[in-house]
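Written below as structure tokens is the structure these notes are about.
A note on names: the letters A, B, ... follow the listed sequences, proteins ahead of strands, and every chain is numbered from 1.
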Protein chains: 2
Amino acid sequence: MDDDLYRAIADPTRRAILDELVDRDGQSLFELCSRLIMKHGISSSRQAISQHLEVLEAAGLVVARREGRYKFHWFNGEPLKAITTRWPANAKKR
Amino acid sequence: MDDDLYRAIADPTRRAILDELVDRDGQSLFELCSRLIMKHGISSSRQAISQHLEVLEAAGLVVARREGRYKFHWFNGEPLKAITTRWPANAKKR
DNA sequence: TTGACATGCAAGCCACCGCTTGCCTATACT
DNA sequence: AGTATAGGCAAGCGGTGGCTTGCATGTCAA
């Protein structure tokens, strides 16, 4: 099902990656790594971030495109709609 | 932070519990167990469901109250707002 | 072409998570 | 009182997830 979505946002590092991409869209892998260390205090290896990005891509939350020797990543929040449509976020009327 | 929230909805069984409570609010533990088996094809033990409910309570997604020898559970979708306010779910304007 | 740079691939390790099992407590019924 | 019901507590096990490590691939610049 949309199991990939919930698994993707379950990890705090992946959520920070989404935050970073919302703040600055179209970053490359290296750019993401350095900015995650700077602004989010995350000290993971490049491979770790790369694996996180794979999970985010599988969930459709990140769209990536290879360009030369760089790979750029963009945020896509559309899969998140599945969450709000599944459960009522507002208090129910009595 | 709101780490409990994302951890709570990461598990498919817990998401089914939320579905069940939205469909029929105020169920007891036993009622939840049997209905999860019937309608959702989930065959977990009572203890497993109980532990799932603990996680959901920690996230604030389920409010429980003990009444006699029963414990009733209600759905609360308000914590889900944190997700929609954190990331833009709609396509961004260009 | 040689080297440096940006990324990919794959195997292994360790901690956590979901689940079971067994026993215990508390409330209701007769 | 005794018994059945509804639920809680705690220890243990197996599988998965996140991370590292090491090496391979591909691209650009000199």
* Contact summary for B:Ala8 and B:Arg14, nearest pair of heavy atoms -> O-NE, 2.7 Å
* Spatial distance of atom CD (A:Gln27) from atom CD1 (A:Ile17) [nearest 0.5 Å] -> 10.0 Å
* Structure fact -> Between B:His73 and A:Arg7, whichever has its closest DNA chain D nucleotide further toward 5' is B:His73
* Asked: Which nucleotide sits closest to the side chain of B:Lys71: D:dG8, D:dG18, C:dG8?
  -> D:dG8
* Atom-pair distance (OH on A:Tyr70; C1' on D:dA29), nearest Å -> 11 Å
* **Gap between atoms CG and P, on A:Leu29 and C:dC9 respectively (whole Å)** => 13 Å
* Whole Å only: how far is the CZ atom of A:Phe30 from the C1' atom of C:dG8? -> 12 Å
* When the distance from CD of A:Glu54 to C1' of D:dC19 is rounded to whole Å, what number comes out? -> 13 Å
* To do: Would you please confirm or rule out a distance under 4.0 Å between OP1 or OP2 of D:dG8 and any side-chain N or O of B:Ser50?
  => yes
* How are the rings of B:Trp74 and B:Phe72 set relative to one another: parallel (under 30°), tilted (30 to 60°) or perpendicular (over 60°)? -> tilted
* Hphob cluster co-occupancy, A:Ile37 + A:Leu53, side-chain heavy atoms under 4.5 angstrom -> no
* Asked: Do the charged groups of B:Lys39 and B:Asp23 touch, with an N to O distance under 4.0 Å?
  -> yes
* Asked: Are B:Val55 and B:Leu21 in one and the same hydrophobic cluster, where Ile, Leu, Val, Met, Phe, Trp and Tyr link if side-chain heavy atoms are under 4.5 Å apart?
  -> no
* Asked: Would B:Arg15 and A:Asp3 pass as an ion pair if we require N to O under 4.0 Å?
  -> yes
* Structure fact -> Whole-Å distance, B:Leu53 CG to D:dA6 P, equals 16 Å
* Asked: What integer distance in Å separates A:Leu36:CG from D:dC19:P?
  -> 11 Å
* For the pair made of CD in B:Glu57 and C1' in D:dG7, what is the distance, rounded to whole Å? -> 12 Å
* Structure fact -> Testing D:dA4, C:dG8, C:dC5 for proximity to the side chain of A:Arg69, the answer is C:dC5
Please list, pair by pair, any protein nitrogen or oxygen found under 3.5 Å from a nitrogen or oxygen in nucleotides 19-25 of chain C.
from: C:dC19; atom 1: OP2; to: B:His52; atom 2: NE2; distance (Å): 2.1
from: C:dT20; atom 1: OP2; to: B:Ser45; atom 2: N; distance (Å): 3.1
from: C:dT20; atom 1: OP2; to: B:Ser45; atom 2: OG; distance (Å): 2.8
from: C:dT20; atom 1: O4; to: B:Gln51; atom 2: NE2; distance (Å): 3.1

* To do: Starting at atom CG of B:Asp4, determine the distance to atom C1' of C:dC17, rounded to an integer number of angstrom.
  => 14 Å
